Amino acid sequence: MTPSFQRTHTCGELSDNQVGDTVTLCGWVHTRRDHGGLIFIDLWDKFGLTQVVLNPQIDKLAHQEAQALRGNFVIAVTGKVRPRPAGMVNAKLKTGAIEVYIDDMEILNKSETPPFPGWDETEISEVLRLKYRYLDLRSDVLQRNLKLRYDITRTVRNFLHGEKFIEVETPMLTKSTPEGARDYLVPSRLNPEKFYALPQSPQLFKQILMISGMDRYFQIVKCFRDEDLRNDRQPEFTQIDMELSFIDEPALFKLVEGMIAAIYKESLGITIETPFAILKYQEALDRFGSDKPDMRFDLELIDLSEVVAGTDFKVFDQALKNGGQVKALNVKKSTDVLSRKILDDLTEVAKTYGAKGMAWIKVNTNGLQSPIIKFFKPEMLDALIAKVGGEVGDTIVFAADKPKIVADSLANVRLAIAKLMNLIDPKKICLTWITEFPLVEYDETEKRYTAMHHPFTSPLAEDLDKFESDPAGMRARAYDLVLNGNEIGGGSIRIHQSDVQQKMFGLLGIDEKEAHEKFGFLLDALQYGAPPHGGIAFGLDRIAMLLAGADSIRDVIAFPKTQKASCLMTQAPSDIDPKQLKELKLKFDLS
RNA sequence: GGGGUCGUAGUUCAGUUGGUUAGAACGCCGGCCUGUCACGCCGGAGGUCGCGAGUUCGAGUCUCGUCGACCCCGCCA
């Protein structure tokens, strides 16, 4: 009487077509409705739900056994597919037209009562969800998200295969490199006192592969960075990494646009517009205060530095005298929305990014309203209002400080206002290339230049002679791809000449000895016929998060870590056996 | 390293100005029920109020510390 465990169908596929057939289904008890006589079971697997019916008149034994069933029990059932009685069709279920009358049933496994209701819409604390991740992964949302993530990687592999790429694996146990993020380190037992580093990205290997004549490489690969976490940052994350020989920006952009379009088409059925907009870094900063502007709405920054020059308002005057700026946002039709309380909240947003405050002017029907207008001569006020295009109903908010603080604070106030006033059409998809990043930036604490992208990024040809004269003014052949205000990828055309690479190290204060210790293999390789090459890497987790409409990349990762980088399911990281430490010749120093 | 929010039954939450025996819904357990699909009806069990200290006649409630989760700054492409 034991039913075959070999199921004939999944729980998501039976319909009118199988009426009369005898089928075997396997799955979990989703819900049980025991009527004393009839028992209804909704049987679940990842493909769907099927209602099975236990009727004592059809099989007394099966019906009796079914009384012991509880939620999450794993069962196999065999029975006949029948159409549901008139009026009993469940339109909410894919399989709602039929039900299966069971004449044989086996409990394959029992289950404890789960710590939280599965398959439910109740929001469960993330602590529990992460501890019992295997249960949470049964939920519709996570099932859907992981499927979407797979749709993306499948599409990428197909697409790049069609573009003559090959996927090549690169080492996980590799060399620690200076610059960039903090490394995750792995001690070497065979080489005491020496360490491997887990890769922050396969950067150097993919460049070497170009020198090897691989021509087009890609890899969907884990990367590791030991930095603090955010909702879009995990210590281990996945890159869609690629590198191409004999490539320039227009050709690479076209290829990537095709790939992103394929991803949208295959995973969401959405056709997106190509080519994407291109915005130079400086313009992005000037207009939006950010190198990853959300361009689904306007509300651009307006530079008022010239208009307010010579003002009696000390805050503005001081900022300008210290080499700063005064910039503003003109929030149209907002005087009723932006109450005093909300303006205070927005000021707090600005302060988070270093602003000391946030001035504002409201254009009311009966004139201007603001704590600061008394410091301005009427002509200057008129010029200011004219410059921002102020009309009745507008609120103008100001930032005055060093350019970076002005940009950061206004960029984030801009986003907060967009959210507050529903300026963003959620259906809109804005993909934008940001180009011509600065090659280097000056690190005030370390008193030296650091690479903005990484040390292997080529400068623009026209800036090549500025290594000595104006390093801060050099622009890089680097680019980011921004989706609705989120950086989803970035890359560059690389340096392929060893003399330029040496100059770059020189600028970064990496002397020849250190350069050879850290990157000697690359410098050597560059001398053996390195083709011009470039590439890009995408954050798969972020792309999946955005396409899934999730709030965090944790929701598109099967087993994510908490903000303290621990795994609540496995309890990693954990203590280790002293024997292991001894083998590695490691000792703690907790002083 | 810093700022913020949160932590009460298995779960989601309520709990007044500090005052008797800490409640609800769902879930769980038992009983009844042959057309339910969030089945229904009756009954029952279930609490270290995250942990520790303090203030107080009295603390879920106030204070301090601590642990954990989340969001953010710094950090990080």
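Keep in mind that this is a model prediction, so the values were computed, not measured.
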Return the polar atom pairs (N/O with N/O) between nucleotides 5-10 of chain B and the protein under 3.5 Å, or none.
| from | atom 1 | to | atom 2 | distance (Å) |
| --- | --- | --- | --- | --- |
| B:rG10 | O2' | A:P115 | O | 2.6 |

Within residues 82-89 of chain A: residues closer than 4.0 Å to RNA chain B (heavy atoms):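 Those residues are A:R84, A:P85, A:M88.
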Quickly work out the [X] [atom1] to [N] [atom2] distance and round it to whole Å.
X: A:E112; N: B:rU11; atom1: CD; atom2: P; answer: 15 Å
X: A:Q67; N: B:rG30; atom1: CD; atom2: P; answer: 11 Å
X: A:L54; N: B:rC33; atom1: CG; atom2: P; answer: 17 Å
X: A:N55; N: B:rU36; atom1: CG; atom2: P; answer: 15 Å

Quick one: side chain to side chain donor-acceptor pair (under 3.5 Å) partners of A:Q282, sequence neighbours excluded?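 Here the qualifying residues are A:D286.
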Which residues pass the ring-ring contact (aromatic ring centres under 6.0 Å, His included) test with [X], not counting sequence neighbours?
X: A:F437; result: A:Y281
X: A:F40; result: A:H35
X: A:Y184; result: none
X: A:H496; result: none

Looking at every strand, decide which applies to [X] at a 4.0 Å heavy-atom threshold: base, sugar-phosphate, or nothing.
X: A:E123; result: sugar-phosphate
X: A:S125; result: sugar-phosphate
X: A:Y184; result: nothing
X: A:S566; result: sugar-phosphate
X: A:E99; result: base

What does the list of N/O pairs under 3.5 Å between the protein and nucleotides 75-77 of chain B look like, with a distance for each?
| from | atom 1 | to | atom 2 | distance (Å) |
| --- | --- | --- | --- | --- |
| B:rC75 | O2' | A:E227 | OE1 | 2.5 |
| B:rC75 | O2 | A:R233 | NH2 | 3.1 |
| B:rC75 | N3 | A:R233 | NH1 | 3.2 |
| B:rC75 | N3 | A:R233 | NH2 | 2.8 |
| B:rC75 | N4 | A:R230 | NH2 | 3.4 |
| B:rC75 | N4 | A:R233 | NH1 | 3.1 |
| B:rC76 | O3' | A:A181 | N | 3.4 |
| B:rC76 | O2 | A:R233 | NE | 3.3 |
| B:rC76 | O2 | A:R233 | NH1 | 2.9 |
| B:rC76 | N3 | A:R233 | NH1 | 3.2 |
| B:rA77 | OP1 | A:A181 | N | 3.0 |
| B:rA77 | O3' | A:R225 | NH1 | 3.1 |
| B:rA77 | N1 | A:M452 | O | 3.1 |

Any N/O donor-acceptor pair, A:Y101 side-chain to B:rG35 base, under 3.5 Å: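 When only heavy-atom distances are counted, A:Y101 does reach the base of B:rG35 through a donor-acceptor pair under 3.5 Å.
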Assigned partner base of [N], Watson-Crick or wobble definition, under 3.5 Å:
N: B:rG74; answer: none
N: B:rC28; answer: B:rG44
N: B:rG68; answer: B:rC6
N: B:rU21; answer: none
N: B:rU56; answer: none
N: B:rU16; answer: none

Earlier contact from the 5' end, RNA chain B, for A:T113 and A:G37: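 The answer here is A:T113.
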Nearest-nucleotide 5' precedence on RNA chain B, A:P56 against A:I124: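 Comparing both residues, the 5'-ward one is A:I124.
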Check this for me: A:Y196, atom OH, are more than 12 non-hydrogen atoms of other residues, nucleotides or ligands nearer than 6.0 Å?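 Counting neighbours around OH of A:Y196, 12 or fewer heavy atoms of other residues, nucleotides or ligands fall under 6.0 Å, so no.
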Can you check the distance between B:rG4 and B:rC41, where both ends of the measurement are the C1' atom (answer in whole Å)?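 Those two atoms are separated by 48 Å.
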Could you note down all residue pairs passing salt bridge (Lys or Arg N to Asp or Glu O under 4.0 Å) where residues 549-572 of chain A supplies at least one of them, sequence neighbours left out?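 Counting only pairs at least two positions apart or across chains, the salt bridge (Lys or Arg N to Asp or Glu O under 4.0 Å) contacts touching residues 549-572 of chain A are A:E126-A:R554, A:R129-A:D555, A:E236-A:K561.
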Is there any salt bridge (Lys or Arg N to Asp or Glu O under 4.0 Å) pair reaching into residues 61-82 of chain A, and which pairs are they, with sequence neighbours excluded?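 As it turns out, there is no salt bridge (Lys or Arg N to Asp or Glu O under 4.0 Å) pair with a partner in residues 61-82 of chain A once direct neighbours are skipped.
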Per-nucleotide protein contact along nucleotides 38-44 of chain B, 5' to 3', at a 4.0 Å heavy-atom cut-off (B base, S sugar-phosphate only, - neither), is SB-----
Taking only the side-chain nitrogens and oxygens of A:Q51, find out if one of them lies under 4.0 Å from OP1 or OP2 of B:rU36.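 Checking A:Q51 against B:rU36: no side-chain N or O falls below 4.0 Å of OP1 or OP2.
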Phosphate-side-chain proximity, A:K564 and B:rA69, N/O vs OP1/OP2 below 4.0 Å: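 Answer is no, no contact under 4.0 Å.
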List the residues meeting side chain to side chain contact (heavy atoms under 4.5 Å, CB included) with A:K341, not counting sequence neighbours, and say none if there are none.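 If we apply the side chain to side chain contact (heavy atoms under 4.5 Å, CB included) test to A:K341, skipping adjacent residues, the hits are A:S339, A:D345.
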Pair [X] + [Y]: basic N to acidic O under 4.0 Å:
X: A:D541; Y: A:R149; answer: yes
X: A:K404; Y: A:D408; answer: yes
X: A:R233; Y: A:D228; answer: no
X: A:K351; Y: A:E348; answer: yes

Taking the six-membered ring for Trp, are A:H454 and A:F456 parallel (under 30°), tilted (30 to 60°) or perpendicular (over 60°)?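 Rings of A:H454 and A:F456: tilted, 30 to 60°.
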Is the gap between the ring centers of A:F205 and A:Y217 under 6.0 Å?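 No, too far apart.
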